[in-house]
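Computed over heavy atoms, backbone and side chain alike; hydrogens, waters and symmetry mates excluded.
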Amino acid sequence: MEKNGNNHKLRVCVATCNRADYSKLAPIMFGIKAEPQFFELDVVVLGSHLIDDYGNTYRMIEQDDFDIHTRLHTIVRGEDEAAMVESVGLALVKLPDVLNRLKPDIMIVHGDRFDALALATSAALMNIRILHIEGGEVSGTIDDSIRHAITKLAHYHVCCTRSAEQHLIAMCEDHDRILLAGCPSYDKLLSAKNKDYMSIISTWLGEDVKTRDYIVALQHPVTTDIKHSIKMFELTLDALISFNKRTLVLFPNVDAGSKEMVRVMRKKGIEHHPNFRAVKHVPFDQFIQLVAHAGCMIGNSSCGVREVGAFGTPVINLGTRQTGRETGENVLHVRDADTQDKILHALQLQFGKQYPCSKIYGDGNAVPRILKFLKSIDLKEPLQKKFCFPPVKDNISQDIDHILETQSALAVDLGGTNLRVAIVSMKGEIVKKYTQLNPKTYEDRLALILKMCIEAASEAVNVNCRILGVGIGGGIVHQHELIHGSSFCAAELGHIVVSLDGPECLCGSQGCIEAYASGIALQREAKKLHDDDLLLVEGMSMKEDEIVSAAHLIQAAKLGNAKAESILRTAGTALGLGVVNILHTVNPSLVILSGVLANHYVNAVKDVINRQALSSVKTVDVVVSNLADPALLGAASLVLDYTTRRIY
């Protein structure tokens, strides 16, 4: 645990409330259990897990060989709005004693259920760090409000989609405490389809049932409109009876309105109908196989719009409970229905189809990312949450230190020839600049960068500059954020290969843009010409001990040296081909060339774009920066913009 500064194992409490959240939490629990050198796991079970009417699903946790530290009976029966409130209250009464005994470093809470809200509230008030799984998503009913309330209480966030991540950022959560991991259940889903499934289908639906010839139905009450959701469930059962296919119906969850839905099932004789199998619970491993090979799934469960897409199984999503969820093309929505005909028509359209598999919610590697994220948590950091609010009107009160200081950034330009570090003020003024020749080895370069940054930071104190951050020149900026890449080396644009047999690059490859168009590359070509006595032309002279540079090549080209002109033309073409590749990849609105060589390359780049680029990107503007130090100023602007548009 050296990385996060903790000198003991991270004690993690995982609290699970129902069969649905356990399917997401179990993969994480297995991962934590497999690394006892880093973690201690405590499992708390509450909610509908412990109710017989809902399958006593705590047993599957025991079957997975997890030790349950505490069982809390927290559900007040009644299945109405008041019972939900009373259940939250009962959980709040019982949880403090458990948390006092366990003293976890962090509690993992999943989703948007009322039980989870009680867990998050208790942990937050008892100064226990909270990791929230699946925050930032959007759906219908009260679940949306509960999910976002838990987000506000949580200290760390694991989200499943890029949109969810953006929602969390928009909710002023700290980007550094958000992990885009994917859904943990997908780690199991994407490796499950080839297992023996016929015996599972036979067990739950009968031996005479074939794959793609049955339906899985799972529908829950909508707590904000119970009456309408019960009517929709009644119409759904009528449509399924008319459709006349073998159907596995799972009982609804414990939300307000579920008792009325069960009454509807019994009124229509579903439990005794030859075409129906009504069950309280199916183990997740088996449920995966059942939906993966079904002819259709129908209902309003989040499983339909999330997990089932991984198999391409057709889904009919009923009502408003999942409104706003990201879905694949396998989902057909029936937002409202006055008669069974609309639902029946949807069944006729969807049943038996096979759609492309969707990975909107995960790629099967969520758990390793989550475990790495947990290991990075520094328990020495302040517990108090900080929100990243958008800029607002400054306070009237002032701080004397801020009045006297100049807000600034350290900018670093990793040039081929020189390393440069500068202190840049908020107004874009370079307060002080440091330049050193670039060493030949990686280790020496890194050591020199650190030395220069330390020197500049020390000098910043002397010149009354407050350093807000360090920016490194070069990279891709999307929506005001620097793209890092999976291993923090995104946007190595200089190493785009433009020729398979081009000159050798310092990176060890051949034909990189840098091997043609950088200052070092031009210096190399100038030296070759000079060694062959082909560089100097009339109007040029060099001292005996003068080092040949790219500037001599440019001067020779200006004075009519055909070979120097050819080298610059080739370099410009190489840069142009690299720019074309970038245009085709990210389609920017503007290309800005900067540096001392920009004026010599701009026409060549435009020519290559005109000849080689697709017509859709040929109209891009290519301009030359007129800034004296564009790389340094650009790097500084990233820091200054980022640190001043958010208030911590």
Side-chain angles (χ1 to χ4, degrees), residues 12-29 43-49 54 57 61 74-75 84 87-88 91 95 106-124 130-161 163-165 167-168 171 173 178-189 218 220-224 252-256 258 284 287 300-308 321-326 360-362 366-367 370:
V12 182
C13 176
V14 177
T16 173
C17 311
N18 53 65
R19 66 192 181 196
D21 77 16
Y22 182 66
S23 69
K24 317 295 178 65
L25 293 170
I28 303 172
M29 293 162 63
V43 180
V44 174
V45 172
L46 64 159
S48 61
H49 272 309
Y54 296 92
T57 50
I61 303 172
T74 58
I75 297 298
M84 290 170 63
S87 297
V88 172
L95 280 167
I106 191 163
M107 173 176 278
I108 298 181
V109 177
H110 169 271
D112 49 27
R113 310 290 301 133
F114 59 84
D115 325 68
L117 179 60
L119 286 166
T121 302
S122 301
I130 302 165
L131 175 70
H132 185 208
I133 309 291
E134 290 187 13
E137 296 186 17
V138 178
S139 65
T141 78
I142 194 65
D143 294 355
D144 250 358
S145 300
I146 293 175
R147 187 186 310 110
H148 300 330
I150 295 173
T151 290
K152 293 292 98 184
L153 293 168
H155 303 80
Y156 307 94
H157 312 274
V158 172
C159 55
C160 301
T161 69
S163 293
E165 179 187 39
H167 292 156
L168 290 172
M171 292 165 68
E173 295 300 315
I178 300 171
L179 172 68
L180 175 55
C183 183
S185 64
Y186 266 62
D187 290 25
K188 182 175 287 188
L189 289 176
L218 177 53
H220 302 300
V222 178
T223 57
T224 49
N253 64 21
V254 74
D255 281 352
S258 60
F284 186 65
F287 184 72
N300 61 6
S301 168
S302 62
C303 173
V305 297
R306 293 171 57 96
E307 282 83 359
V308 178
R321 192 169 183 265
Q322 302 303 331
T323 298
R325 292 270 193 198
E326 297 173 72
I360 294 173
Y361 287 94
V367 172
I370 294 170

Hey, is the main chain of [Y] close enough, under 3.5 Å, to the side chain of [X] for a donor-acceptor pair?
| X | Y | result |
| --- | --- | --- |
| Tyr156 | Leu179 | no |
| His157 | Ile178 | no |
| Arg19 | Thr57 | no |
| His132 | Gly111 | yes |
| Tyr361 | Val305 | no |

Do you know the tightest heavy-atom contact between [X] and [Y]?
| X | Y | result |
| --- | --- | --- |
| Asn253 | His220 | N-ND1, 3.0 Å |
| Ile133 | Ile28 | CD1-CD1, 3.9 Å |
| Val254 | Tyr54 | CA-OH, 3.6 Å |
| Leu153 | Ala124 | CD2-CB, 4.0 Å |

Thinking salt bridges, do Glu307 and Lys24 make one under a 4.0 Å N-O criterion?
yes
Taking NZ, NE, NH1 and NH2 as the nitrogens, is one of them in Glu173 or Lys152 under 4.0 Å from a carboxylate oxygen of the other?
yes
Enter the distance from Thr223:OG1 to Arg321:CZ here, rounded to the nearest 0.5 Å.
8.0 Å
If you round to the nearest 0.5 Å, how far is CD of Gln322 from SG of Cys303?
10.0 Å
Among Leu46, Leu119, Leu95, Val88, the one residue meeting side-chain contact (heavy atoms from CB on, under 4.5 Å) with Thr74:
Leu46
Taking atom types as modelled, find out whether Arg147 and Ser139 have a side-chain donor-acceptor pair closer than 3.5 angstrom.
yes
Side-chain contact test, heavy atoms from C-beta onward, threshold under 4.5 Å: evaluate it for Glu137 versus Ser302 and give yes or no.
no
Using side-chain contact (heavy atoms from CB on, under 4.5 Å) as the criterion, list what pairs up with Asp21, not counting sequence neighbours.
Thr16, Cys17, Asn18, Leu25, His49, His110
